[in-house]
Amino acid sequence: MPQFINQFRNRLSDIDALPQLTFLGAIIGLIAGVLIVAFRFAIEIPLGYLLPSNNENFEGLSSIWHFGLPVVGALIIGAAFHFLDAKHRYVSIGHVLERLHNYEGRMPAINLFVQFIGGIISLITGHSVGREGPAVHIGASISSLLGQWLKLPNNSLSTLIGCGVAAAIAASFNTPIAGVIFAMEVVLMSYTIIGFVPIMMASVCGALIARATFGHEVFLTIETIELNGLIEMPFMIIAGVIIAFFASTYIKLQLSFNRFTHYPIFARIMAAGLLTGGVALLVPEILGLGYDTIHLTLEGQLSIGFLLMLALAKIMVTSFGVGMGIPGGIIGPQLFIGACIGASIGIIGNTIFPENIHNNGIYVLLGMAAMMGAVLNAPLAALMAVLELTYSPGVIFPSMLIIVVACVLTRYLCKCDGIFVAQLHFKGTKLNISPIKQVLSTVGVRSAMNTSFIECEATITASAASHLLTTNPLWVVIKTSDNLLLLRAADLALALEANKADKADKLNINQDNPIATNVKDLDLLEIPAQRFNLLSIPELASLYEAKKMLDSYPGNALFVTPQIQTTADQRVLGIITQDTINHYYI
């Protein structure tokens, strides 16, 4: 069994380990699906007892609960966070991006626990956040921790995290396609053939667990999604412009509230609870996920004035709450805001052009798609999400148009990056997503290392050197008392021939006679050759980690070591040089 596991790990270090990654994707999908189902139950069961009629009806509570619930939730979260180290408070999608792109995908376990419990408390107490941020963190963390526990090579962790994210989104919203696209567009920030298959497998398994538990229901239903010909296209472009304004407003508000992170965490969380409770006294619809309100917008039961008030209140409360540190997501609130704005635009269009624009419901869906795409800078994920939430292919064409307009204007006219990247940049963290890193991070040093080498002491006899060279190695690893050095085998062969010729001249004997036993010992530290200092790198490392080491210590080479070994026993598994790395991207 240990031998099989070692072979499995070694195979994963290769760039084309598709069967192994797909197998792991299925396991991660099932585990993440179970965790997300447990997360949802932990929220929905208490709300089912707390709220009248259904587990989203915060409006049915009395005013004292509208104010008191968020305050109590903030009190609990703030007190708990007060005793936590600052590094353990980092949660949600921004934390996943930072650990994935800057820390080889190695996520800490304690942050997972904080996100799981903190997300439950936030959503039960009605804070204006979504469950997708915690879901993504849970899925990414459990896949990373599984990979670390199994001691899988680092180059496989990014794909495993993508699997966890896709499964979490699929299980949380019953949107397997959107889960795959979200994982690759928002989290991994790259599309690869090798990545698609295991991530798809994980997403299917996550959705399977959710459907087996909750059934297969369409989240949003709308009778017809039909445009009144191309005459509505100009109005949809205007709608995209309006949504871009709201999206950029939200992003800038979120970043402005992040400026208060130097204040004590307890004070910040309590301020978020007080603001949420205060606004909820006027518009309790902003509490919780607000999916019941989205359904009301589709049914056309809300006036334009009330819709705009809801949108503005949700933007303010969500951006302030998340900016202050409430451990929740923002995608659910963006769908809420987009639905309110889209419904308002539809009402305006129907009022101005009653003969040409008569389907307000489609503008609710378009508003949701455009708002999500613009805030996250994830157009394809937003398109797939709305398609799967409605199961209405008629939404695709108009959604593509309005998403493009909103995304382009938000990013290039309003100068706003996607919210998660903008948050990290604001706190001084840059994501390393260079093309070189994306290529080299998919390759493990085990699959790239050169194993054509021999090992010997610094001083060696000519006969011993001749015997070692019979295996035609490329490299010679020289063992000294202080460190290991690397020598090209060709240089040793040249030195051996020179030594033979020199001795032959001195003894005036025929070159046909065996002279290897008569020549002096070779000092490999003195022969004419280029020698490299060898630095150790663990066998689980990726080729990008090897590149970073060689960039920090130019002129050296690396030797791959077993994951577990003693200091005295530095066993060499293989050699990595700069030429090895250049082979993969030059």
Side-chain angles (χ1 to χ4, degrees), residues 6-18 20-21 101-106 151-159 190 192-195 432-456 468-469 471-480 483-494 524 527 529-565 570-586:
N6 284 333
Q7 291 177 353
F8 188 80
R9 292 185 187 122
N10 295 343
R11 189 68 185 89
L12 279 172
S13 67
D14 193 78
I15 196 172
D16 189 20
L18 186 58
Q20 292 78 9
L21 287 172
H101 294 287
N102 294 352
Y103 295 92
E104 303 299 329
R106 308 183 79 82
K151 294 183 173 57
L152 302 182
N154 291 348
N155 67 293
S156 64
L157 287 185
S158 60
T159 301
S190 66
T192 62
I193 299 300
I194 297 300
N432 189 349
I433 52 176
S434 65
I436 291 176
K437 180 182 184 298
Q438 291 180 342
V439 171
L440 297 182
S441 292
T442 61
V443 185
V445 293
R446 283 288 312 228
S447 68
M449 66 185 184
N450 193 311
T451 57
S452 178
F453 65 92
I454 55 176
E455 299 179 68
C456 64
L468 289 174
L469 290 176
T471 59
N472 295 319
L474 293 178
W475 298 101
V476 178
V477 176
I478 306 169
K479 299 178 179 179
T480 71
N483 58 354
L484 300 179
L485 299 175
L486 188 66
L487 179 77
R488 287 186 174 88
D491 290 333
L492 174 59
L494 290 174
L524 301 188
I527 65 174
Q530 181 184 11
R531 279 165 286 273
F532 303 88
N533 287 319
L534 276 176
L535 308 173
S536 67
I537 187 169
E539 61 178 327
L540 299 187
S542 69
L543 210 55
Y544 181 71
E545 293 173 86
K547 180 182 185 303
K548 288 196 297 183
M549 286 189 68
L550 292 180
D551 288 345
S552 301
Y553 302 97
N556 295 321
L558 307 175
F559 71 97
V560 181
T561 63
Q563 182 66 16
I564 301 176
Q565 68 170 4
Q570 290 196 316
R571 189 154 58 94
V572 179
L573 299 179
I575 304 298
I576 299 288
T577 64
Q578 188 63 53
D579 288 340
T580 308
I581 296 171
N582 293 345
H583 169 74
Y584 280 88
Y585 71 96
I586 293 180

Who are the side-chain hydrogen bond (donor to acceptor under 3.5 Å, both in side chains) partners of [X], not counting sequence neighbours?
X      : value
Thr580 : Thr577
Asp551 : Lys547
Thr451 : none

Quick one: [atom1] on [X] to [atom2] on [Y], what's the gap to the nearest 0.5 Å?
X      : Y      : atom1 : atom2 : value
Leu157 : Tyr103 : CG    : OH    : 15.5 Å
Leu486 : Arg531 : CG    : CZ    : 11.0 Å
Leu524 : Cys456 : CG    : SG    : 5.0 Å
Asn556 : Leu534 : CG    : CG    : 8.0 Å
Ile454 : Trp475 : CD1   : CH2   : 12.5 Å
Leu543 : Ile436 : CG    : CD1   : 11.5 Å

Measure across [X] and [Y] and return the closest heavy-atom pair with its distance rounded to 0.1 Å.
X      : Y      : answer
Ile537 : Glu545 : CD1-C, 4.1 Å
Asp491 : Gln530 : OD2-N, 3.9 Å
Ser542 : Asn154 : N-CB, 4.2 Å
Met449 : Ile576 : CA-CD1, 3.4 Å
Ile581 : Ala546 : CD1-C, 3.9 Å
Phe453 : Leu573 : CE2-O, 3.8 Å

Problem - Asn432-Tyr544 side chain donor-acceptor pair, cut-off 3.5 Å - result: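 There is such a pair (donor and acceptor under 3.5 Å, judged by atom type) between the side chains of Asn432 and Tyr544.
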Exercise for the section: List the steps, then state whether side-chain contact (heavy atoms from CB on, under 4.5 Å) holds for Val560 with Ile575. Expected result: CA-CA 6 Å; Val560 181; Ile575 304 298; over 6 Å; no
Practice task
Return yes if some donor-acceptor pair links the side-chain N/O of Arg571 with the main-chain N/O of Pro562 below 3.5 Å, else return no.
Solution key: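 Checked: no pair found.
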Practice task
Return the set of residues passing salt bridge (charged side-chain N to carboxylate O under 4.0 Å, His left out) with Arg11 (not counting sequence neighbours), or none when no residue passes.
Solution key: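 Partners of Arg11 by the salt bridge (charged side-chain N to carboxylate O under 4.0 Å, His left out) criterion, ordered by chain and then number, come out as Asp14.
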Handout entry: Counterpart residues, salt bridge (charged side-chain N to carboxylate O under 4.0 Å, His left out), relative to Asp579 (two or more places apart)
Key =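 Per chain and number, Asp579 pairs via salt bridge (charged side-chain N to carboxylate O under 4.0 Å, His left out) with no residue.
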Practice task
Apply side-chain contact (heavy atoms from CB on, under 4.5 Å) to Phe559 and Val477, showing your working.
Solution key: CA-CA 9 Å; Phe559 71 97; Val477 176; over 6 Å; no
Enumerate donor-acceptor pairs with a distance under 3.5 Å from any side-chain N or O in residues 439-448 to protein atoms, sequence neighbours excluded.
{"from": "Ser441", "atom 1": "OG", "to": "Lys437", "atom 2": "O", "distance (Å)": "2.8"}
{"from": "Thr442", "atom 1": "OG1", "to": "Val439", "atom 2": "O", "distance (Å)": "2.6"}
{"from": "Arg446", "atom 1": "NH1", "to": "Glu539", "atom 2": "OE1", "distance (Å)": "2.7"}
{"from": "Ser447", "atom 1": "OG", "to": "Ser13", "atom 2": "O", "distance (Å)": "2.9"}
{"from": "Ser447", "atom 1": "OG", "to": "Gly444", "atom 2": "O", "distance (Å)": "3.0"}

Practice task
Kindly indicate whether the side chain of Ile478, heavy atoms from C-beta on, has any atom under 4.5 Å from the side chain of Leu484.
Solution key: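 Ile478 does not reach Leu484 side chain to side chain.
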Exercise for the section: Compare all side-chain heavy atoms of Lys151 with those of Leu540 and state whether any distance is below 4.5 angstrom. Expected result: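 In short, these two side chains touch, coming nearer than 4.5 Å.
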